[in-house]
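Structure first, then comments.
Atoms within a ligand are numbered from 1 in the order they appear, just like the ligands themselves. Side-chain atoms are counted along with the backbone in the values below, which use heavy atoms only and exclude waters and symmetry mates.
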Amino acid sequence: MVDDALSEIRRIVGEQHVISGDDTAAHVVDWTGRYVGTTPAVVRPGSTAEVADVIRVCGEHAVAVIPQGGNTGMVGGSVPLNGEIVLSMQRLNTIGNVDRLALQVSVDAGVTIEQLQTAVASHGLRYGVDFGGRGSATVGGTIATNAGGLNVLRHGMTRAQVIGVEVVLGTGEIIDLMSGLVKNNTGYSIPDMMCGSEGTLGVITKARLRLIADQSFRQTALLAFDNVDAAVAATAQLRVALPGLEAAELMLADGVGLVCEEFELSAPLGGTHPVFLLVETASESDDLERLIQHVVELDGVADTAIAADERQRQLLWRLRDDHTTAINRVGVPCKFDVTLPHDQIAAFIPKAKNLISALAPTSTTWIFGHVGDGNLHVNVTGLDGEDVLDKSVYELVIAMGGSISAEHGIGTAKSAYLPMQRSAAELNLMRGLKAVCDPTGILNPSVIFDQ
Ligand code: FAD
Ligand code: MLT
Ligand code: ZN
């Protein structure tokens, strides 16, 4: 079955674009090293038409497919855990001309976020979603996961940037919604539906994206606090006082200490504070005075460092961006990406830590995140077995009014727990959509829905 499909696929994409054996290594393990699979082949189509033909052949032969972008996803959705074919989108990497009237750009799904940012920067523009994985994460993958990142509190998640998509359904049909019309209320919004669909409804081949002015005056400050409550309250105050606030990132002393140790950076602000908030504004004129004035007015700030130049700004951001890499160096982490109501964030942290250390006494818990969005990343290293924590952590999150997936998606990691959060009616609706878009069930069959 697979062999017959692959013979046809070789004719479609060319022999050299069907990879097998050792050459598939980078495509079968996820970024964290937690999810490891095998695949008969990695297929690298070079056009939308080729994607459509490959999908049609896979449907005819009932061969399952994992669409893959940069393979930076955090929930085990981008790797072939059940021997699926990997459909790598990396050859679809063209960036169209920037539409300066509409402030939009059309890009292929395999373009990375960094490539996109670089291409639009020369027009004084920027893409509203950005995060530490920018060098590898692709436009298609970020749409599929509805990625959030560092600037959600000002610009929204990926869904807010996507005006249109071109997508190949599980039937092999191509849907082209790339007109760029911002206002287009003609029935259900298919681009919205594709955001967060995690490759289960269709393969995104192109996207029409909103761009924003790149406000060149950036001010970046690291604030130290004695407790998380004060950092949460300060975030709320700054969001009101500073309309240009782009980022508010929470870090704790252990995580910052780990990053400094792993990357030989100096401990910030004397290294004695338990809680840090990294804030950044972007505006069209110099906001420094305003930032200082409002920081001074905040309650509970124990100390402050303001970046004086781009080098210092990069150093402050490394403290945050390098958390994920530093934690991975400690060991393969178990990751919880959760949202809490803002008034529960401070209470959640000790509750989660206590719960995890009771269930897994030899583990270490690292917590940081996008506090402006109520989004905490709980990473646990040093676990002996699999899944000893998941159900209990998700029960805690739900009991506190939160969500078990903030920005990474469900993937295969959380599929068993989705019914804890979504009703039977909601799941039926989702399965119904899946059945229409992918009637033979070949697209990411183990993602989102528990088998
Ligand atoms: P992949 O990992 O290849 O795939 C992810 C999912 O999308 C899979 O289910 C896959 O099947 C599907 N998919 C991929 N491409 C397509 C396509 N063209 N059509 C249909 N389905 C497709 N995420 C955040 O939200 N915020 C962060 O701040 C953040 N920080 C990160 C920092 C680091 C250092 C890293 C490594 C990751 C981070 N992430 C973050 C995770 C993030 O979800 C992914 O990086 C990104 O959204 C996935 O893009 P990708 O191209 O790597 O997709
Ligand atoms: C981040 O914000 O750095 C990633 O989304 C988080 C993670 O590693 O869990
Ligand atoms: Zn994140």
Side-chain angles (χ1 to χ4, degrees), residues 26-27 30-32 35 45 48 51 55 65-81 84 86-90 92 107-113 129-152 157-158 165-170 194-207 247 249-251 255 259 317 320-328 333-339 366-371 373 375-380 405-413 437-438 443-448:
H27 298 269
D30 80 316
W31 195 90
T32 66
Y35 301 97
T48 301
V51 172
I55 293 297
V65 181
I66 308 276
Q68 190 180 79
N71 196 14
T72 63
M74 296 287 180
V75 286
S78 54
V79 283
L81 298 180
E84 299 91 337
V86 174
L87 189 73
S88 168
M89 302 302 286
Q90 288 176 338
L92 297 181
V107 293
D108 282 357
V111 168
T112 67
I113 298 302
V129 165
D130 202 8
F131 53 86
R134 61 182 75 80
S136 304
T138 63
V139 165
T142 52
I143 294 174
T145 58
N146 188 27
L150 303 166
N151 303 136
V152 170
M157 297 183 75
T158 297
V165 291
E166 179 190 80
V167 61
V168 174
L169 300 182
M194 289 300 155
C195 293
S197 61
E198 299 187 53
T200 60
L201 302 180
V203 181
I204 297 148
T205 44
K206 291 186 199 305
E249 296 290 315
L250 181 78
M251 300 177 286
V259 170
W317 270 109
R320 167 61 184 87
D321 275 351
D322 288 350
H323 262 68
T324 305
T325 311
I327 291 165
N328 246 54
C334 176
K335 281 178 175 284
F336 300 96
D337 155 49
V338 299
T339 312
W366 313 91
I367 299 185
F368 60 99
H370 316 286
V371 69
D373 317 323
N375 178 188
L376 293 178
H377 295 304
V378 180
N379 284 220
V380 186
S405 175
E407 58 174 7
H408 292 166
I410 295 298
T412 54
C437 294
D438 179 24
L443 293 176
N444 271 357
S446 334
V447 167
I448 299 183

Q: Restricting to N/O/S, name the atom of E407 that gets closest to the Zn ion (ligand 3).
A: OE2
**Q.** atom 35 (C) of ligand 1: the protein heavy-atom neighbour that sits closest, reported with distance to 0.1 Å
**A.** M74 CE, 3.3 Å
Q. For atom 33 (C) of ligand 1, which candidate among G133, S78, G77, G409 holds the nearest heavy atom?
A. G133
**Q.** Under-4.0 Å heavy-atom contact with ligand 1, by part of N444 that carries it
**A.** side chain
**Q.** Whether G110 lies under 4.0 Å from ligand 1, heavy atom
**A.** no
Q) With respect to atom 53 (O) of ligand 1, which of P80, G141, G140 exhibits the smallest heavy-atom separation? A) G141
Q. Under 3.5 Å, side chain of D30 to main-chain N/O of Y35, donor-acceptor pair present?
A. yes
Q. When you measure from atom 5 (O) of ligand 2 to every protein heavy atom, which one gives the shortest distance, and what is it?
A. H408 NE2, 2.7 Å
Q.
For atom 45 (O) of ligand 1, what is the closest protein heavy atom, and at what distance to 0.1 Å?
A. T72 OG1, 2.4 Å
Q: Would you mind listing which atoms of ligand 1 come within a distance below 4.0 Å of any non-hydrogen atom of V203?
A: 19 (N), 20 (C)
Q. Atom CZ in F131, atom CG in D321: separation rounded to 0.5 Å?
A. 10.5 Å
Q. Quick one: does M194 get within less than 4.0 Å of ligand 1, heavy atoms only?
A. no
(Q) Would D337 count as a contact residue for ligand 2, given that I'm defining contact as a non-hydrogen atom of the residue lying under 4.0 Å from a ligand atom? (A) no
Q. Among all protein non-hydrogen atoms, which one is nearest to atom 6 (C) of ligand 1, and what is the separation to 0.1 Å?
A. T145 CG2, 3.7 Å
Q: Using the side-chain contact (heavy atoms from CB on, under 4.5 Å) rule, take M157 and D373 through it: C-alpha gap first, then chi angles, then the decisive distance, then the call.
A: CA-CA 10 Å; M157 297 183 75; D373 317 323; over 6 Å; no
Q) Which atom names give the shortest non-hydrogen contact between V139 and D108, and what distance separates them? A) CB-O, 4.1 Å
Q. Where's the contact between N379 and ligand 2, heavy-atom distance under 4.0 Å: side chain, backbone, both or neither?
A. side chain
Q. Can you list the ligand 1 atoms lying under 4.0 Å from a non-hydrogen atom of H370?
A. 28 (O)
Q: Provide the number and element of each atom of ligand 1 under 4.0 Å from a heavy atom of E198.
A: 9 (O)
Q) For ligand 1, is any non-hydrogen atom under 4.0 Å from E407's backbone (N, CA, C, O), its side chain (CB onward), both, or neither? A) both
Q) In the protein, which heavy atom is nearest to atom 23 (N) of ligand 1, and how far is it? A) H408 CD2, 3.5 Å
Q) Do S78 and N71 have side-chain N/O donor and acceptor atoms under 3.5 Å apart? A) yes
Q) If you take all heavy atoms of N444 and E198, which pair is closest and at what distance? A) ND2-O, 2.8 Å
Q: Take F368 and N379, measure what side-chain contact (heavy atoms from CB on, under 4.5 Å) needs, and give me the verdict at the end.
A: CA-CA 9 Å; F368 60 99; N379 284 220; 4.0 Å; yes
Q | Main-chain N/O of H408 paired with D337 side-chain donor or acceptor, under 3.5 Å | A | yes
Q. Which ligand 1 atoms does G202 reach within 4.0 Å, using its non-hydrogen atoms?
A. 20 (C)
Q | Shortest non-hydrogen separation from A406 to N375 and the atoms involved | A | CB-ND2, 3.3 Å
Q. Checking D438 side chain against L443 main chain: does a donor-acceptor pair fall under 3.5 Å?
A. yes
Q.
Whether the side chain of Q90 engages the backbone of G69 through a donor-acceptor N/O pair (distance < 3.5 Å, no angle test) should be reported.
A. yes
Q: Would you check whether M89 has a nitrogen or oxygen atom less than 3.5 angstrom from a nitrogen or oxygen atom of ligand 1?
A: no
**Q.** contact_flag T142 ligand 1 heavy-atom lt 4.0 Å
**A.** yes
Q) Between H377 and H370, how do the two ring planes meet: parallel, tilted or perpendicular, split at 30° and 60°? A) perpendicular
Q | N, O or S atom within H370 nearest to the Zn ion (ligand 3), by name | A | NE2
(Q) With nothing but distance in play, are any N or O atoms of V447 less than 3.5 Å from an N or O of ligand 1? (A) no
Q) Taking non-hydrogen atoms only, is Q68 closer than 4.0 angstrom to ligand 1 via side chain, backbone, both or neither? A) both
Q. To the nearest 0.5 Å, what is the distance between CD1 (I204) and CD (E166)?
A. 11.0 Å
Q: Show which atoms of ligand 1 fall inside a sub-4.0 Å distance from at least one heavy-atom site of G199.
A: 20 (C), 21 (N)
Q) Tell me, which protein residue and heavy-atom name are nearest atom 39 (N) of ligand 1, and how many Å apart are they? A) F131 CE1, 3.8 Å
Q) Should T325 and W31 be marked as a side-chain contact (heavy atoms from CB on, under 4.5 Å) after you check the CA-CA gap, both sets of side-chain angles, and the distance that decides it? A) CA-CA 10 Å; T325 311; W31 195 90; 3.9 Å; yes
Q. Do the side chain of T412 and the main chain of G76 share a donor and acceptor less than 3.5 angstrom apart?
A. yes
**Q.** For atom 25 (O) of ligand 1, closest protein heavy-atom neighbour
**A.** G148 N, 2.8 Å
**Q.** Residue, atom name and distance, where the atom is the protein heavy atom closest to atom 50 (P) of ligand 1
**A.** G70 N, 3.4 Å
Q | Considering only N, O or S atoms of H377, the one closest to the Zn ion (ligand 3) | A | NE2
**Q.** Side-chain donor/acceptor of T158 to backbone N/O of I143, under 3.5 Å
**A.** no
Q) Which one of D108, T138, D337 has a non-hydrogen atom at the shortest distance from atom 51 (O) of ligand 1? A) T138
Q | Nearest-contact summary for atom 8 (O) of ligand 2 - protein heavy atom, Å | A | K335 NZ, 2.6 Å
Q | ligand 2 atoms in contact with H370 (distance to a heavy atom under 4.0 Å) | A | 2 (O)
(Q) Distance under 4.0 Å to a non-hydrogen atom of A147: what atoms of ligand 1 satisfy this? (A) 25 (O), 47 (O)
(Q) Could you report the tightest heavy-atom contact between I66 and E84, atom names first, then the distance? (A) CG1-CB, 3.5 Å
Q: Distance to 0.1 Å, residue and atom name: give those for the protein heavy atom nearest to atom 11 (O) of ligand 1.
A: P67 O, 2.5 Å
Q. Should one rank G132, S136, A144 by closest heavy-atom distance to atom 12 (C) of ligand 1, which comes out on top?
A. A144
Q) Of R320, H377, H323, which has the heavy atom at the shortest distance from atom 3 (O) of ligand 2? A) R320
Q: Measure across S88 and P45 and return the closest heavy-atom pair with its distance rounded to 0.1 Å.
A: O-CD, 3.3 Å
Q. When you look at F336 and I367, which way does the side-chain contact (heavy atoms from CB on, under 4.5 Å) test go after all the steps?
A. CA-CA 9 Å; F336 300 96; I367 299 185; over 6 Å; no
Q.
Taking G133's backbone N and O only, do any of them form a donor-acceptor pair with S136's side chain (distance below 3.5 Å, no angle check)?
A. no
